[in-house]
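Before any comments, here is the structure.
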Amino acid sequence: MAGQIKTTTRQEIIPNIIIKPDPRDMPHTVKSHETLSKISYLYYQSATLAKVIMWRNPELFNEFDIKPGMTIYIPMPLKRCNQYLELLK
């Protein structure tokens, strides 16, 4: 976890989380029609886990920061992120 603070849409303050790189992470090149929610569904079968992808890619502050052609990393396996998933509930 990093020292920054982000505000969620529910007006809660949670720490800005950074998931450290792991050799099992999957690189993904963003296509023009993709959103983080769509990418999350592609890898995790859940569109609600887009925040996990953002935590692994600290250059992304929100979903609109992705651009076609950029490479992002998908944390794998998802169970290594379990300690952070409690913040999404």
Side-chain angles (χ1 to χ4, degrees):
M1 291 188 201
Q4 295 179 343
I5 295 176
K6 284 188 180 180
T7 304
T8 67
T9 56
R10 296 184 307 231
Q11 299 303 312
E12 297 174 40
I13 296 177
I14 60 172
N16 183 22
I17 297 167
I18 296 176
I19 296 174
K20 293 182 179 176
D22 185 284
R24 298 170 291 179
D25 293 346
M26 298 286 299
H28 178 87
T29 302
V30 177
K31 297 173 186 70
S32 62
H33 64 281
E34 290 182 311
T35 64
L36 283 176
S37 295
K38 288 180 181 179
I39 296 167
S40 173
Y41 188 81
L42 177 68
Y43 288 94
Y44 302 136
Q45 291 72 53
S46 173
T48 63
L49 296 174
K51 185 73 90 177
V52 172
I53 297 171
M54 289 177 56
W55 291 337
R56 170 55 183 86
N57 298 274
E59 68 277 12
L60 303 176
F61 188 74
N62 64 52
E63 183 157 348
F64 305 107
D65 290 340
I66 65 168
K67 304 284 184 249
M70 87 185 303
T71 299
I72 59 174
Y73 293 89
I74 312 303
M76 292 294 197
L78 182 59
K79 69 180 181 177
R80 82 179 176 96
C81 303
N82 282 346
Q83 62 185 338
Y84 307 112
L85 295 178
E86 288 297 316
L87 294 172
L88 296 177
K89 294 181 179 181

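By convention here, the first residue in the shown sequence is residue 1. Because only heavy atoms are used, hydrogens play no part in the values below, and waters and symmetry mates are left out as well, while side chains stay in.
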Problem set entry | Atom pair CD1 (Ile39) and CG (Leu49), whose distance is rounded to the nearest 0.5 Å | 13.0 Å
Problem set entry | Set of residues satisfying ring-ring contact (aromatic ring centres under 6.0 Å, His included) with respect to Tyr43, sequence neighbours excluded | His28
For residues 69-81, please give each side-chain donor-acceptor pair under 3.5 Å, one per line with the distance, not counting sequence neighbours.
residue, atom, partner, partner atom, Å
Arg80, NE, Met76, O, 3.1
Arg80, NH1, Lys20, O, 3.2
Arg80, NH2, Lys20, O, 3.4
Arg80, NH2, Asp25, OD1, 2.5
Arg80, NH2, Asp25, OD2, 3.0

Problem set entry | Interatomic distance, Ser40 atom OG to Gln45 atom CD [nearest 0.5 angstrom] | 9.0 Å
For this session: Taking salt bridge (charged side-chain N to carboxylate O under 4.0 Å, His left out) as the test, write out the residues that go with Asp65, two or more places apart.
Result: none
For this session: Could you list all the salt bridge (Lys or Arg N to Asp or Glu O under 4.0 Å) pairs where at least one residue sits in residues 28-42, not counting sequence neighbours?
Result: none
Seminar exercise, completed: Distance col, row Ile66:CD1 vs Glu59:CD, nearest 0.5 angstrom, shows 11.0 Å
For this session: Find out whether Tyr84 and Val52 are in side-chain contact, i.e. whether some heavy atom of one side chain is under 4.5 Å from a heavy atom of the other.
Result: no
Exercise. Could you give the distance from CD1 (Ile17) to CD (Gln83), rounded to the nearest 0.5 Å?
Worked result: 8.5 Å
Problem set entry | Exercise: identify the closest heavy-atom pair between Ser32 and Pro68 | CA-CG, 3.6 Å
Exercise. Do Asn62 side-chain atoms and Phe64 backbone N/O form a donor-acceptor pair below 3.5 Å?
Worked result: yes
Exercise. Who pairs with Ser37 by side chain to side chain contact (heavy atoms under 4.5 Å, CB included), at least two apart in sequence or on another chain?
Worked result: Thr35, Ala47, Ala50, Glu63
For this session: Could you walk me through whether Thr48 and Tyr41 pass the side chain to side chain contact (heavy atoms under 4.5 Å, CB included) test, one step at a time?
Result: CA-CA 8 Å; Thr48 63; Tyr41 188 81; over 6 Å; no
For this session: Take Ile19 and Asn57 through the side chain to side chain contact (heavy atoms under 4.5 Å, CB included) test and state the conclusion after the steps.
Result: CA-CA 8 Å; Ile19 296 174; Asn57 298 274; over 6 Å; no
